[in-house]
Amino acid sequence: MELNEELFDRAQKSIPGGVNSPVRAFRSVGGAPRFIDHAHGPYIYDITGKCYIDYIGSWGPMILGHNNPTVIKAVHEAVDKGLSFGTPTKGEILIAEEIKKIMPSIEQIRFVSSGTEAGMSAIRLARGYTGRNKIIKFEGCYHGHSDALLVKAGSGLLTFGTPSSSGVPADTTADTIVLEYNNPQLLIDVFKKQGSEIACVIVEALAGNMNLIPATTEFMKTLREITEQYGALLIVDEVMTGFRCALQGAQSLYGITPDITMFGKVIGGGMPVAAFGGRKEIMQCIAPLGSVYQAGTLSGNPVAVACGLTTLKLIQEPGFYERLGETSKQLITGLCNVAKEVGVDFSAQSVGGMFGIYFRDRCPTSFKEVMECDAQRFTTFFHSMLENGVYLAPSIYEAGFVSITHDSDVIEKTIEASYKAFAQVKSIHS
Ligand SMILES: *Cc1c(COP(=O)(O)O)cnc(C)c1O
(Lines give C-alpha, C1' and ligand atoms only; values in the text may rest on other atoms or scores of the structure.)
Protein backbone atom coordinates (compact mmCIF):
# COMPACT_ATOMS: atom_id res chain seq x y z
CA MET A 1 0.00 0.00 0.00
CA GLU A 2 1.26 3.45 -0.79
CA LEU A 3 2.85 5.27 2.15
CA ASN A 4 0.43 8.23 2.00
CA GLU A 5 -2.56 5.88 2.30
CA GLU A 6 -0.88 3.96 5.09
CA LEU A 7 -0.25 7.19 7.03
CA PHE A 8 -3.80 8.39 6.40
CA ASP A 9 -5.19 5.16 7.87
CA ARG A 10 -2.87 5.51 10.84
CA ALA A 11 -3.73 9.21 11.32
CA GLN A 12 -7.43 8.39 11.46
CA LYS A 13 -6.87 6.15 14.46
CA SER A 14 -5.60 9.03 16.61
CA ILE A 15 -6.94 12.20 14.96
CA PRO A 16 -10.61 12.68 13.95
CA GLY A 17 -10.72 12.20 10.18
CA GLY A 18 -6.92 12.03 10.21
CA VAL A 19 -6.55 15.80 9.97
CA ASN A 20 -6.45 18.91 12.12
CA SER A 21 -8.48 21.00 9.67
CA PRO A 22 -11.25 19.39 7.59
CA VAL A 23 -10.42 20.47 4.00
CA ARG A 24 -7.05 18.68 4.23
CA ALA A 25 -8.84 15.33 4.32
CA PHE A 26 -9.71 15.30 0.57
CA ARG A 27 -13.32 14.43 1.47
CA SER A 28 -14.79 16.20 -1.55
CA VAL A 29 -12.34 14.77 -4.10
CA GLY A 30 -11.71 11.37 -2.49
CA GLY A 31 -8.45 9.52 -2.03
CA ALA A 32 -5.71 9.94 0.53
CA PRO A 33 -4.20 13.36 1.17
CA ARG A 34 -0.46 13.65 0.66
CA PHE A 35 1.64 13.81 3.79
CA ILE A 36 4.10 16.59 3.13
CA ASP A 37 7.60 16.14 4.45
CA HIS A 38 9.33 19.32 3.34
CA ALA A 39 9.06 22.16 0.86
CA HIS A 40 11.18 24.57 -1.09
CA GLY A 41 10.26 27.60 -3.21
CA PRO A 42 7.15 26.66 -5.24
CA TYR A 43 7.50 22.94 -4.48
CA ILE A 44 6.24 20.63 -1.75
CA TYR A 45 7.53 17.07 -1.33
CA ASP A 46 5.48 14.26 0.12
CA ILE A 47 6.70 11.52 2.39
CA THR A 48 7.48 9.27 -0.62
CA GLY A 49 9.72 11.97 -2.11
CA LYS A 50 7.25 12.93 -4.87
CA CYS A 51 7.46 16.61 -5.81
CA TYR A 52 4.44 18.84 -6.48
CA ILE A 53 4.09 22.42 -7.67
CA ASP A 54 2.20 23.95 -4.76
CA TYR A 55 -0.84 26.16 -5.44
CA ILE A 56 -2.08 26.09 -1.85
CA GLY A 57 0.87 27.77 -0.17
CA SER A 58 -0.41 26.74 3.27
CA TRP A 59 -3.74 28.35 2.20
CA GLY A 60 -2.14 31.71 1.51
CA PRO A 61 0.71 32.54 3.89
CA MET A 62 3.61 31.31 1.74
CA ILE A 63 3.64 34.29 -0.62
CA LEU A 64 7.46 34.29 -0.69
CA GLY A 65 7.55 30.59 -1.54
CA HIS A 66 8.65 27.95 0.94
CA ASN A 67 11.83 28.34 2.97
CA ASN A 68 12.71 31.87 2.02
CA PRO A 69 16.29 32.11 3.39
CA THR A 70 15.84 35.59 4.91
CA VAL A 71 12.68 34.54 6.73
CA ILE A 72 14.21 31.29 7.97
CA LYS A 73 17.25 33.18 9.26
CA ALA A 74 15.04 35.64 11.17
CA VAL A 75 13.10 32.76 12.70
CA HIS A 76 16.32 30.98 13.74
CA GLU A 77 17.59 34.17 15.36
CA ALA A 78 14.33 34.61 17.26
CA VAL A 79 14.32 30.96 18.38
CA ASP A 80 17.82 31.36 19.78
CA LYS A 81 16.58 34.15 22.05
CA GLY A 82 13.77 32.10 23.58
CA LEU A 83 10.39 30.84 22.46
CA SER A 84 7.84 32.80 24.46
CA PHE A 85 7.94 35.16 27.40
CA GLY A 86 4.38 36.32 28.03
CA THR A 87 5.69 39.87 28.27
CA PRO A 88 5.77 42.68 25.73
CA THR A 89 8.58 42.43 23.13
CA LYS A 90 10.02 44.99 20.72
CA GLY A 91 9.11 42.82 17.72
CA GLU A 92 5.41 43.41 18.43
CA ILE A 93 5.91 47.17 18.09
CA LEU A 94 7.87 46.71 14.87
CA ILE A 95 5.25 44.53 13.19
CA ALA A 96 2.44 46.88 14.32
CA GLU A 97 4.36 49.86 12.91
CA GLU A 98 5.09 48.01 9.69
CA ILE A 99 1.40 47.26 9.12
CA LYS A 100 0.40 50.84 9.96
CA LYS A 101 2.96 52.06 7.44
CA ILE A 102 1.46 49.88 4.70
CA MET A 103 -2.25 50.15 5.56
CA PRO A 104 -3.66 53.69 5.87
CA SER A 105 -6.85 52.44 7.63
CA ILE A 106 -4.91 51.02 10.59
CA GLU A 107 -4.23 53.36 13.51
CA GLN A 108 -3.96 50.65 16.15
CA ILE A 109 -3.78 46.91 15.88
CA ARG A 110 -3.93 43.92 18.19
CA PHE A 111 -2.28 40.59 17.40
CA VAL A 112 -3.81 37.18 17.94
CA SER A 113 -2.88 33.69 16.75
CA SER A 114 -5.55 32.82 14.17
CA GLY A 115 -8.01 34.43 11.78
CA THR A 116 -10.80 32.84 13.81
CA GLU A 117 -9.69 34.75 16.88
CA ALA A 118 -9.39 37.95 14.87
CA GLY A 119 -12.98 37.56 13.61
CA MET A 120 -14.42 36.66 16.98
CA SER A 121 -12.65 39.58 18.66
CA ALA A 122 -13.54 42.08 15.93
CA ILE A 123 -17.23 41.22 16.30
CA ARG A 124 -17.07 41.56 20.09
CA LEU A 125 -15.31 44.89 19.69
CA ALA A 126 -17.91 46.17 17.22
CA ARG A 127 -20.70 45.14 19.58
CA GLY A 128 -18.94 46.70 22.57
CA TYR A 129 -18.20 49.92 20.73
CA THR A 130 -21.68 50.40 19.29
CA GLY A 131 -23.67 48.91 22.18
CA ARG A 132 -25.68 46.97 19.59
CA ASN A 133 -26.04 43.21 19.11
CA LYS A 134 -26.99 42.40 15.53
CA ILE A 135 -24.37 41.63 12.92
CA ILE A 136 -24.62 41.07 9.17
CA LYS A 137 -22.53 38.56 7.26
CA PHE A 138 -22.82 37.25 3.70
CA GLU A 139 -23.53 33.82 2.37
CA GLY A 140 -20.36 32.06 1.25
CA CYS A 141 -18.00 34.35 3.18
CA TYR A 142 -15.89 32.68 5.87
CA HIS A 143 -14.57 34.51 8.89
CA GLY A 144 -13.30 31.66 11.02
CA HIS A 145 -15.24 29.13 13.05
CA SER A 146 -16.45 31.15 16.04
CA ASP A 147 -20.07 30.42 17.02
CA ALA A 148 -21.71 33.68 15.93
CA LEU A 149 -20.19 33.39 12.47
CA LEU A 150 -20.91 29.73 11.75
CA VAL A 151 -24.19 30.58 10.17
CA LYS A 152 -26.01 29.87 6.97
CA ALA A 153 -28.94 31.68 5.48
CA GLY A 154 -32.28 30.39 6.64
CA SER A 155 -35.19 30.03 4.25
CA GLY A 156 -36.45 33.23 2.73
CA LEU A 157 -34.37 36.22 1.83
CA LEU A 158 -34.35 38.30 4.99
CA THR A 159 -33.98 35.72 7.68
CA PHE A 160 -31.89 35.28 10.74
CA GLY A 161 -29.14 32.81 10.26
CA THR A 162 -29.36 29.24 11.41
CA PRO A 163 -26.23 27.54 12.77
CA SER A 164 -24.24 25.73 10.08
CA SER A 165 -22.62 23.44 12.62
CA SER A 166 -24.10 21.34 15.34
CA GLY A 167 -23.00 22.41 18.77
CA VAL A 168 -23.85 26.02 18.00
CA PRO A 169 -26.99 27.03 19.94
CA ALA A 170 -29.58 28.81 17.79
CA ASP A 171 -29.52 31.58 20.43
CA THR A 172 -25.90 32.29 19.58
CA THR A 173 -26.67 32.96 15.94
CA ALA A 174 -30.03 34.67 16.53
CA ASP A 175 -28.38 38.07 16.13
CA THR A 176 -26.52 37.14 12.95
CA ILE A 177 -28.27 38.18 9.76
CA VAL A 178 -27.06 36.35 6.65
CA LEU A 179 -27.51 38.13 3.33
CA GLU A 180 -26.69 37.37 -0.28
CA TYR A 181 -23.24 38.53 -1.39
CA ASN A 182 -23.09 41.21 -4.08
CA ASN A 183 -26.71 42.23 -3.48
CA PRO A 184 -26.69 45.90 -2.38
CA GLN A 185 -30.47 46.29 -2.46
CA LEU A 186 -30.99 43.58 0.15
CA LEU A 187 -28.51 45.32 2.40
CA ILE A 188 -30.33 48.63 2.04
CA ASP A 189 -33.66 46.96 2.83
CA VAL A 190 -32.32 45.37 6.02
CA PHE A 191 -30.75 48.61 7.21
CA LYS A 192 -34.02 50.45 6.57
CA LYS A 193 -35.84 47.99 8.82
CA GLN A 194 -33.35 47.48 11.64
CA GLY A 195 -30.36 49.72 10.99
CA SER A 196 -30.32 51.11 14.51
CA GLU A 197 -29.78 47.61 15.96
CA ILE A 198 -26.90 46.63 13.71
CA ALA A 199 -23.43 46.70 15.28
CA CYS A 200 -21.45 45.78 12.19
CA VAL A 201 -21.26 44.24 8.77
CA ILE A 202 -18.43 41.78 8.17
CA VAL A 203 -17.35 41.00 4.61
CA GLU A 204 -14.61 39.52 2.44
CA ALA A 205 -14.15 42.13 -0.30
CA LEU A 206 -12.80 39.43 -2.54
CA ALA A 207 -14.54 36.32 -1.31
CA GLY A 208 -11.95 33.55 -1.25
CA ASN A 209 -13.80 30.86 0.62
CA MET A 210 -16.43 30.15 -2.04
CA ASN A 211 -13.69 29.79 -4.63
CA LEU A 212 -12.83 33.36 -5.74
CA ILE A 213 -15.67 35.85 -6.14
CA PRO A 214 -14.80 39.54 -6.23
CA ALA A 215 -17.33 41.93 -4.70
CA THR A 216 -18.78 44.40 -7.16
CA THR A 217 -17.73 48.02 -6.75
CA GLU A 218 -21.34 49.00 -6.18
CA PHE A 219 -21.71 46.44 -3.40
CA MET A 220 -18.62 47.66 -1.53
CA LYS A 221 -19.59 51.28 -2.00
CA THR A 222 -23.08 50.63 -0.65
CA LEU A 223 -21.61 48.75 2.30
CA ARG A 224 -19.40 51.67 3.24
CA GLU A 225 -22.13 54.28 2.81
CA ILE A 226 -24.94 52.48 4.56
CA THR A 227 -22.88 51.43 7.61
CA GLU A 228 -21.70 55.01 8.01
CA GLN A 229 -25.22 56.34 7.66
CA TYR A 230 -26.57 54.07 10.42
CA GLY A 231 -23.55 54.21 12.73
CA ALA A 232 -22.65 50.55 12.22
CA LEU A 233 -19.04 49.45 11.79
CA LEU A 234 -17.68 47.96 8.58
CA ILE A 235 -15.33 45.05 9.23
CA VAL A 236 -13.37 43.99 6.16
CA ASP A 237 -11.92 40.51 6.60
CA GLU A 238 -8.56 40.61 4.85
CA VAL A 239 -7.25 37.42 6.46
CA MET A 240 -6.89 35.95 2.98
CA THR A 241 -6.67 39.05 0.78
CA GLY A 242 -4.40 41.18 2.98
CA PHE A 243 -0.91 41.52 1.43
CA ARG A 244 -2.07 38.93 -1.12
CA CYS A 245 -4.33 40.51 -3.75
CA ALA A 246 -2.39 43.79 -3.48
CA LEU A 247 0.12 45.18 -0.98
CA GLN A 248 -2.61 47.27 0.66
CA GLY A 249 -5.23 44.57 0.42
CA ALA A 250 -8.67 44.41 -1.14
CA GLN A 251 -9.71 47.69 0.53
CA SER A 252 -7.17 49.52 -1.65
CA LEU A 253 -8.62 47.97 -4.81
CA TYR A 254 -12.10 49.23 -3.88
CA GLY A 255 -10.91 52.53 -2.43
CA ILE A 256 -12.75 52.06 0.86
CA THR A 257 -11.66 52.61 4.43
CA PRO A 258 -13.04 50.00 6.84
CA ASP A 259 -13.55 50.73 10.53
CA ILE A 260 -11.90 47.44 11.46
CA THR A 261 -9.72 45.19 9.30
CA MET A 262 -8.82 41.58 10.07
CA PHE A 263 -5.52 40.06 9.00
CA GLY A 264 -4.01 36.58 9.09
CA LYS A 265 -2.27 34.19 6.72
CA VAL A 266 0.42 36.36 5.00
CA ILE A 267 1.10 38.47 8.11
CA GLY A 268 2.44 35.36 9.82
CA GLY A 269 4.48 34.18 6.83
CA GLY A 270 3.64 30.57 7.82
CA MET A 271 3.59 31.01 11.61
CA PRO A 272 0.44 31.56 13.71
CA VAL A 273 -0.08 35.32 13.55
CA ALA A 274 -3.34 37.15 12.88
CA ALA A 275 -4.60 40.56 13.91
CA PHE A 276 -7.43 43.05 13.89
CA GLY A 277 -7.00 46.78 13.78
CA GLY A 278 -8.55 50.05 12.74
CA ARG A 279 -9.50 53.43 14.11
CA LYS A 280 -7.81 54.29 17.39
CA GLU A 281 -11.05 55.41 19.00
CA ILE A 282 -12.54 51.95 18.37
CA MET A 283 -9.41 49.96 19.24
CA GLN A 284 -9.13 51.72 22.59
CA CYS A 285 -12.31 50.01 23.74
CA ILE A 286 -10.28 46.80 24.20
CA ALA A 287 -8.87 45.69 27.57
CA PRO A 288 -6.79 46.91 29.37
CA LEU A 289 -8.00 50.35 28.23
CA GLY A 290 -11.64 49.58 27.68
CA SER A 291 -14.37 47.17 28.67
CA VAL A 292 -14.16 44.75 25.69
CA TYR A 293 -12.19 41.76 26.95
CA GLN A 294 -9.67 40.08 24.66
CA ALA A 295 -6.47 38.16 25.47
CA GLY A 296 -4.09 35.40 24.36
CA THR A 297 -1.25 33.46 26.02
CA LEU A 298 0.73 33.20 22.80
CA SER A 299 -0.53 36.40 21.11
CA GLY A 300 2.39 38.31 19.57
CA ASN A 301 4.69 35.32 20.05
CA PRO A 302 8.25 36.49 19.34
CA VAL A 303 9.17 33.70 16.91
CA ALA A 304 5.92 34.05 14.96
CA VAL A 305 6.25 37.83 14.89
CA ALA A 306 9.85 37.63 13.58
CA CYS A 307 8.58 35.41 10.76
CA GLY A 308 5.68 37.75 9.94
CA LEU A 309 7.69 40.94 10.16
CA THR A 310 10.41 39.65 7.84
CA THR A 311 7.76 38.47 5.38
CA LEU A 312 6.07 41.89 5.44
CA LYS A 313 9.39 43.60 4.69
CA LEU A 314 10.21 41.34 1.74
CA ILE A 315 6.85 41.77 0.01
CA GLN A 316 7.48 45.52 -0.21
CA GLU A 317 10.31 45.08 -2.71
CA PRO A 318 9.62 47.14 -5.83
CA GLY A 319 7.72 45.22 -8.49
CA PHE A 320 6.71 42.37 -6.15
CA TYR A 321 2.96 42.59 -6.75
CA GLU A 322 3.34 43.30 -10.47
CA ARG A 323 5.29 40.08 -10.80
CA LEU A 324 2.92 38.12 -8.60
CA GLY A 325 -0.05 39.40 -10.62
CA GLU A 326 1.60 38.52 -13.93
CA THR A 327 2.31 35.02 -12.63
CA SER A 328 -1.36 34.40 -11.79
CA LYS A 329 -2.41 35.87 -15.15
CA GLN A 330 0.00 33.62 -17.02
CA LEU A 331 -1.41 30.64 -15.16
CA ILE A 332 -5.11 31.33 -15.72
CA THR A 333 -4.63 32.43 -19.34
CA GLY A 334 -2.70 29.24 -20.03
CA LEU A 335 -5.29 27.01 -18.40
CA CYS A 336 -8.18 28.74 -20.21
CA ASN A 337 -6.40 28.33 -23.55
CA VAL A 338 -5.85 24.61 -23.00
CA ALA A 339 -9.45 24.09 -21.88
CA LYS A 340 -10.69 25.83 -25.00
CA GLU A 341 -8.38 23.81 -27.24
CA VAL A 342 -9.52 20.54 -25.65
CA GLY A 343 -13.17 21.66 -25.57
CA VAL A 344 -14.02 21.76 -21.85
CA ASP A 345 -16.30 24.40 -20.28
CA PHE A 346 -13.93 26.28 -18.03
CA SER A 347 -13.24 29.77 -16.76
CA ALA A 348 -10.71 31.38 -14.43
CA GLN A 349 -9.79 34.73 -12.93
CA SER A 350 -7.13 36.18 -10.69
CA VAL A 351 -6.49 39.19 -8.47
CA GLY A 352 -2.86 39.73 -7.50
CA GLY A 353 -1.50 36.48 -6.10
CA MET A 354 -4.83 34.66 -5.79
CA PHE A 355 -6.88 32.90 -8.46
CA GLY A 356 -10.07 30.93 -9.00
CA ILE A 357 -10.71 28.17 -11.53
CA TYR A 358 -14.23 27.07 -12.38
CA PHE A 359 -15.71 24.21 -14.38
CA ARG A 360 -18.31 26.50 -15.83
CA ASP A 361 -18.34 28.61 -19.02
CA ARG A 362 -18.24 31.98 -17.20
CA CYS A 363 -16.70 33.08 -13.91
CA PRO A 364 -19.37 32.94 -11.20
CA THR A 365 -20.51 36.12 -9.43
CA SER A 366 -22.52 34.60 -6.59
CA PHE A 367 -22.48 31.71 -4.14
CA LYS A 368 -25.31 30.15 -6.11
CA GLU A 369 -23.27 30.20 -9.29
CA VAL A 370 -20.28 28.66 -7.52
CA MET A 371 -22.58 25.85 -6.42
CA GLU A 372 -23.39 25.27 -10.09
CA CYS A 373 -19.75 24.52 -10.99
CA ASP A 374 -19.20 20.93 -12.01
CA ALA A 375 -17.69 19.15 -9.01
CA GLN A 376 -17.19 15.87 -10.87
CA ARG A 377 -15.18 17.47 -13.64
CA PHE A 378 -13.13 19.30 -11.05
CA THR A 379 -12.45 16.04 -9.19
CA THR A 380 -11.18 14.35 -12.36
CA PHE A 381 -9.06 17.39 -13.17
CA PHE A 382 -7.71 17.63 -9.61
CA HIS A 383 -6.57 14.00 -9.45
CA SER A 384 -4.96 14.10 -12.88
CA MET A 385 -3.05 17.27 -11.95
CA LEU A 386 -1.99 15.75 -8.63
CA GLU A 387 -0.78 12.60 -10.38
CA ASN A 388 1.26 14.83 -12.69
CA GLY A 389 2.83 16.80 -9.88
CA VAL A 390 0.52 19.82 -9.47
CA TYR A 391 -1.06 20.34 -6.06
CA LEU A 392 -4.32 22.32 -6.28
CA ALA A 393 -6.74 22.98 -3.42
CA PRO A 394 -8.85 19.80 -3.08
CA SER A 395 -12.25 21.51 -3.36
CA ILE A 396 -14.28 23.62 -5.76
CA TYR A 397 -14.87 26.10 -2.93
CA GLU A 398 -11.25 27.13 -2.42
CA ALA A 399 -9.19 29.80 -4.13
CA GLY A 400 -5.65 29.09 -5.32
CA PHE A 401 -2.43 30.92 -4.51
CA VAL A 402 0.86 31.56 -6.27
CA SER A 403 4.12 32.68 -4.68
CA ILE A 404 6.89 34.91 -5.94
CA THR A 405 8.95 31.75 -6.57
CA HIS A 406 6.45 30.46 -9.15
CA ASP A 407 8.44 31.54 -12.21
CA SER A 408 7.49 31.21 -15.88
CA ASP A 409 8.94 27.70 -16.12
CA VAL A 410 6.90 26.51 -13.16
CA ILE A 411 3.73 27.94 -14.69
CA GLU A 412 4.56 26.41 -18.09
CA LYS A 413 5.01 23.01 -16.46
CA THR A 414 1.60 23.42 -14.81
CA ILE A 415 -0.05 24.33 -18.10
CA GLU A 416 1.60 21.33 -19.76
CA ALA A 417 0.21 19.02 -17.08
CA SER A 418 -3.24 20.51 -17.64
CA TYR A 419 -3.41 19.13 -21.24
CA LYS A 420 -3.65 15.60 -19.88
CA ALA A 421 -6.04 16.65 -17.13
CA PHE A 422 -8.46 18.52 -19.44
CA ALA A 423 -8.29 15.66 -21.95
CA GLN A 424 -9.27 13.25 -19.19
CA VAL A 425 -12.15 15.52 -18.16
CA LYS A 426 -13.28 15.60 -21.79
CA SER A 427 -13.11 11.84 -22.28
CA ILE A 428 -14.77 10.86 -18.98
CA HIS A 429 -17.49 13.50 -18.76
CA SER A 430 -18.77 14.05 -22.28
C1 LIG B 1 -8.57 31.59 6.64
C2 LIG B 1 -9.58 32.61 6.91
C3 LIG B 1 -10.07 32.88 8.19
C4 LIG B 1 -9.74 32.02 9.37
O5 LIG B 1 -8.39 32.05 9.70
P6 LIG B 1 -7.78 30.86 10.61
O7 LIG B 1 -6.39 31.32 10.88
O8 LIG B 1 -7.87 29.63 9.78
O9 LIG B 1 -8.61 30.78 11.84
C10 LIG B 1 -10.94 33.94 8.37
N11 LIG B 1 -11.32 34.70 7.32
C12 LIG B 1 -10.89 34.47 6.08
C13 LIG B 1 -11.32 35.35 4.97
C14 LIG B 1 -10.01 33.40 5.82
O15 LIG B 1 -9.64 33.16 4.56
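As the structure is a prediction and not an experimental result, all values here were calculated from the model. Start at 1 and go down the list; that is how both ligands and their atoms are numbered. Residue numbers start at 1 and run along the sequence shown.
A donor and an acceptor atom, one from each side chain of Tyr397 and Ser28, are nowhere located under 3.5 Å apart. Under the 3.5 Å distance criterion, with hydrogens and angles disregarded, a donor-acceptor pair is assigned to the side chains of Arg224 and Thr227.
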Could you go through ligand 1 and note, for every N or O atom, any protein N or O atom closer than 3.5 angstrom, writing the atom names and distance to 0.1 Å, or 'none'?
unit_1: ligand 1; atom_1: 5 (O); unit_2: Gly115; atom_2: N; d: 3.4
unit_1: ligand 1; atom_1: 7 (O); unit_2: Gly115; atom_2: N; d: 2.8
unit_1: ligand 1; atom_1: 9 (O); unit_2: Gly115; atom_2: N; d: 3.3
unit_1: ligand 1; atom_1: 9 (O); unit_2: Thr116; atom_2: N; d: 2.8
unit_1: ligand 1; atom_1: 9 (O); unit_2: Thr116; atom_2: OG1; d: 2.7
unit_1: ligand 1; atom_1: 11 (N); unit_2: Tyr142; atom_2: O; d: 3.1
unit_1: ligand 1; atom_1: 11 (N); unit_2: Asp237; atom_2: OD1; d: 3.4
unit_1: ligand 1; atom_1: 11 (N); unit_2: Asp237; atom_2: OD2; d: 2.7
unit_1: ligand 1; atom_1: 15 (O); unit_2: Asn209; atom_2: ND2; d: 3.1
unit_1: ligand 1; atom_1: 15 (O); unit_2: Lys265; atom_2: NZ; d: 2.6

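Between Ile93 atom CD1 and Lys100 atom NZ the span is 11.0 Å, to the nearest 0.5 Å.
Here the side chain of Thr172 pairs no donor or acceptor atom with the backbone of Val168 at under 3.5 angstrom. Between the side chain of Asn211 and the backbone N or O of Ile396 there is at least one donor-acceptor pair closer than 3.5 Å. Between the Tyr321 side chain and the Gln316 main chain, no donor and acceptor come within less than 3.5 Å of each other.
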